[in-house]
Each structure stands twice: as C-alpha cells, then as structure tokens.
Amino acid sequence: MSTAPEPTPAVAVENLSKVFKAGLGKRAFVAVRDLSLTVREGEVYGLIGPNGCGKSTTMKTVLGLLAPTRGRTAIFGRSSTEVASRQAVGFLPENPYFYKHLNGLETLLFYGRLCGLAGAELRDRAREMLSLTGLEDAADRRVAGYSKGMLQRLGLAQALLHRPRLVVLDEPTAGVDPAGSRKIRDLILGFREQGLTVLVTSHLLEQMQEVCDRVGIMAHGRMMREGRVDELIAVENQTELVLRDASPELLAGIRELVERDGRAALVRSGQPRTTLESLFLEATEEKP
Amino acid sequence: MTSYRAFSPARIWTLATATVTQLLRMKILIFLLAFCALVVAAGFAFPVLNPEQQLKLLKDVSFGALQVFSLVIAIVATALLLPRDLEDRTLYTILSKPVPRHEYLLGKLLGVLLLIGAGLLLMDLAFSAVLWLREKLLLAQIIQALEAKTPEAVAQLQEIVGKQGLNWGLHLGVLAVFWKAAVVAALALMISCFASSTLFTVVVTFCVVIIGHGQGLIREYFLQGGTLAEPVKKLLSALLAIVTPDLGVFDVVDNVINGEAVGLGAALAMSGTALLYLTGYAVVSHLLFVEKEL
Ligand SMILES: Nc1ncnc2c1ncn2[C@@H]1O[C@H](COP(=O)(O)OP(=O)(O)O)[C@@H](O)[C@H]1O
Ligand SMILES: [Mg+2]
C-alpha cells in the first residue's frame, strides 16, 4: 500500500527564526523562534497569541516583506523570496491604510493595475469587490474620511481583487465595532465556502473559534499549541460538573441518576476539558 | 488570475502616475504659480536698465527660480516618498502584490522625474512667452527712440537685442536644469533607502549637492597643486566623483544666460553623464532597498 503524496500546502513555514538587529549597543531582538506551521489548501488557519508574540512578523515573512533570519517560508510551494509567489495571495495588513488622496474605487483600480488587471475587467471586478465588502456608497469618497471598519473592509477588497487562492489577514477585526466585525467574519466564512485558503491572526478568541478550522497558539515567538479547534476545546452540547474531592460513592450515585434520566448520557468523566480562552491563557503563560 | 510578468512597464507607469498625483496633492503647483508671477514681475520691472540688461535680468531671475523649483522638488519631495509609504503602510499592500521592489523604486523615481519635467516644461513655456514678448516690446521701443528707419539699422538692432532674447540655447539650459534635478532626485531616493528620517535624507542630499557643485573647485584646489603623488590624486578624484555627483557638468546656465551658444555635442555629453549617474544611483538604491526590512 502506498500513501498518496502530500499535496502542496498553501503556506509552509519551516523552522522560521527572525531576529531584528537593534542599533549599536542594544541587544538584538528575537521575534520568532524556530516556528513551523503548514496551512493546507482550503482551510482557515488562525494564528493567535498575545500582542508582540510575533504573529505579524511571521505573516510579513510569508509575504516576503521581511527576510527570514533562519528557515524558509513558501506559498503554494514557491519560496516567499520569489515575487511571483505573491500572485496567488491577497494580504490585509494590520491597521491597513491607503493613499488618502484617492477614493475607494480609485484605490482598488490602483491595486488592480499592480496585479496586471486592466480595462473593463478591472472596473467590473473593483465594483464587485466594493459591493461584496459593502462599500458601494463610499466608493467615491476620499479614503482620508474612512472609518476604521471601512478601511479594514477596503483592505479586504484590495486583498481579494485579483482572485487569489490564499488570503492572509492580520487582525482583520481589531478595533472594529461588533457589527463591522460580524460582517468581516461572515466574509471569512464565505471564503471558506468558496474554497479559499485563509491564514488569519487575531487576539479575539471567540471570533477565531467560530471561523477557524485549525489554530496555532503563539507566545514569545514560539508555537505553543496547534490543532483542530474542535479537538482543542470541548463541544458545546456537553455539560461539565467539576467536583473537588468527590468520593467514589458520590460518583456512582451521579452515574445512576444520569442513567435513570434516559435522555442525558454520560460521555466521559475525568479531567475537565478547557475552552480556547483558558487554553490560550495557560499556553501563553508558560515560560518558553 | 493573470499570469505574472517579471518586468512590466504598465506596473511602473501605474506607480509613477500614482506618485505624481500623490505629490500634486501636496500643493506643489503653487510653486509654479509663484514662478510665473516672479517671471512676469522680473520681465517688466526695472525699466531704467538698458534693454540688454533687462533681458539678462529676466533670464537670471527665471533660471534661478527654475533651479530652485527643480532642486527643492528633487530633494524634498523625493525624500518624502519612501517614509510616507512606510508610515502609511501603503508599502505593505503594494509590495505584497506581485510587484518587484525595483519596479516600485523605478515607479517612484519616474513619478518625480515626470513631475519635475512637466513643471519645467510649463515654466519654460511661460518664461519663453514673457521673454519673447519683452524682446519684441524692447525692440520696438529702441527703434522708435533711435528713429532707426533703414532696414540695415533695424536688422543690426534686432541682432543686438536678439542675442539676449529667446533662442534654442535657452531650452538646452532648461534641459540642463532638468538633468541636474534628475540626478539629485535619484541621489535623494538612494539616501532615503537607508536613512532613518526624512530630515536626514534632506540634509545629507543638500550637503552632497553643495559638494557636487563645488567638485571642480575642490579638484583644482586640493588635487591640482599640492604635494600628493599623481596616483593618489587620481584615486581621490575618482572617489569624489563616485561619492558625489559632479553637478558642475550641468552648469551651462551661465553660458546660456550670457547668450553663448551651447552646442548639441555639449548637450549630448551632459545627457549621457546624467543617465550614467541615474543608472548608478538606481542600481545602488535597488541593492539597498531589496534588503530593506519593512
Ligand atoms: N522592524 C522591527 N524592528 C524591531 N523589532 C520589531 C520590528 N517589528 C516587530 N518587532 C518586534 O517583534 C515583536 C513581534 O512583533 P509582531 O510580530 O508585530 O507581534 P504581533 O504578534 O503583535 O503581531 C515585537 O516585540 C516587536 O516589537
Ligand atoms: Mg500584529
């Protein structure tokens, strides 16, 4: 029996380390240490971790904006150092900002031309992206007057313009009001349905829980935990009784009660499972 | 998804035109209006001077303003470009598209050159028009004052005044101003690739420009006489030419103002030198920028 060859991952990060050299007399800063992760095609992967743990640094390296100190990163099998690797990816940076003298439509036309789109095709595509992100009404307003949420959505429109197979989103919902954040999450869920691969960072955990297939938890530049969200956390239709110093007789009594109920079933007993939030806190407080 | 092309003039053009609009929104056009006002004022002020001096003054003032306009834009506007994009994080979105870094730099440089070129062209037109008008008016005045009637006398006067009037040499002078500004812009872009602040870029470029203007003098003073051995002099002279551009090459403006003809050969040599410097600075800029951590 032969195993099928591994399909090319959408994103491959192998033993990535990133050291920022400081000025004279200051110590160099290690932002990412020996990090490895793969994002498979078609999945939504969430990278979570406290501020300053190296999430954005990892993403910038994947996009070739930063050069790795050690290790390598690749997009669909092409090294991030090749400009051509960026043809297949759309990037929404943290707190995106655009030329403030352009309006929403002009901004998209500018980025579209950089991706090699032109003419009527580009115009149609830009309009389509504006309506997808709900910015039609703001299309001819200067970007300088956009709110945080609108900038974030324009950033998404810009990232999707050239029909990439992978979208990389850095803190897409940070600083956005709940309604705006809901809209952005719905868009991400839509990407998953269309088969797009998504790599997203956030420090907002419930939101990640909802949209991600897999998550990696980073702290101090390292990967602390990684896995499927549903494996990492408990299932919601279960209730836990956490008892301290329970006697075997008490446990037996509880089992009996459950059996008599008929509807409920005892799934397991033992150590309690955790929520993503407590896992996060626990994982990131561990000393590296 | 369209396929990726390693070199795309369309992308460079997109970046260049975006740079032009970006700079125009910084209200650079006010410079042009101020220039036109200055030229008109210089053209019609000082009626007490003799006609030749009046025309010379007009040219002096105009070329002075042209130089200031082009150098200020070349230094200040260029120095702003990269830090602006980095601060606004537009650099992230641009470079995360399939845009090679050298195309980004070329686009920025081309944008500045387009703006300076277009600005100089407009100023050249305004200045030529005023000069031409002034020349005709002065000639008419003189003819009237001297009561020159014979065609020979008129032709003679025409020649004297025409020498200070509008001629092709003046446009070559404007070309020289453009090339000088282009070299300085490329230099400023190169410095801004590693500078930590806009102010640093502006100050350093400014200093290099001053040294660049005095290169001929420096060479004469320190390297001609002196006690240094010949190879050492050669080496120092070459080093000076590499570190700072020899901007003296572009100073044909004085000749032009004095009504001396600038030959086509000189213009070509000047253009060649400018292109050489532009290429050199662009290559070094690329080497610096391609390694830059964003
Ligand atoms: N260009 C840089 N130079 C020096 N240090 C940097 C640079 N960029 C990021 N860092 C540092 O690297 C660490 C990780 O940053 P980042 O990846 O932005 O974290 P986050 O997980 O919040 O996105 C931070 O401590 C930050 O200060
Ligand atoms: Mg970040």
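Owing to the predicted nature of the structure, the values given are computational and were not obtained by experimental measurement. Every chain is numbered from 1, with letters handed out A, B, ... down the list of sequences.
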Please tell me whether Lys97(B) and Gln87(A) have a donor and an acceptor in their side chains that are separated by less than 3.5 angstrom.
no

Step through it carefully: locate the ring centre of Phe63(B), locate the ring centre of Phe127(B), and say whether they are under 6.0 Å apart.
yes

Using the ring of each side chain (for Trp, its six-membered ring), is Tyr104(B) parallel, tilted or perpendicular to Phe289(B), with breaks at 30° and 60°?
parallel

Please identify, among Arg101(B), Gln22(B), Arg11(B), Glu103(B), the residue contributing the most non-hydrogen atom pairs under 4.5 Å to chain A.
Gln22(B)

Will you find, in the side chains of Ser80(A) and Thr73(A), an N or O donor that is under 3.5 Å from an N or O acceptor?
yes

Measure distances from Arg89(B) to the heavy atoms of chain A and classify the residue's part below 4.5 Å as side chain, backbone, both or neither.
both

Is it true that Asp170(A) and Lys60(A) make a salt bridge, defined as a side-chain N closer than 4.0 Å to a carboxylate O?
no

So which part of Thr17(B) gets closer than 4.5 Å to some heavy atom of chain A, the side chain, the backbone, both or neither?
neither

Given a strict heavy-atom distance threshold of 4.5 Å, which part of Ala18(B) is in contact with chain A: side chain, backbone, both, or neither?
both

Between Tyr99(A) and Phe110(A), does the ring centroid distance fall short of 6.0 Å?
yes

Given that the side chain runs from C-beta out, which part of Ser8(B) has a heavy atom under 4.5 Å from chain A: side chain, backbone, both or neither?
neither

Checking heavy atoms, do the side chain of Glu94(A), its backbone, both or neither come under 4.5 Å from chain B?
backbone

Are Val198(A) and Tyr45(A) packed together at the side-chain level, in the sense that at least one heavy-atom pair is separated by less than 4.5 angstrom?
no

Quick one: which of Leu63(A), Leu109(A), Leu114(A) has the most heavy-atom pairs under 4.5 Å with chain B, could you say?
Leu114(A)

Run the salt-bridge test on Glu87(B) and Arg84(B) with the 4.0 Å N-O cut-off and return the result as yes or no.
no

Measure distances from Ala159(A) to the heavy atoms of chain B and classify the residue's part below 4.5 Å as side chain, backbone, both or neither.
backbone

Looking at Thr14(B), Thr93(B), Val99(B), Ile12(B), which makes the most heavy-atom pairs under 4.5 Å with chain A?
Thr93(B)

Looking at Glu82(A), Arg113(A), His101(A), Lys100(A), which has the largest count of heavy-atom pairs under 4.5 Å with chain B?
His101(A)

Heavy-atom contact with chain A under 4.5 Å, split by part of Ile94(B):
both

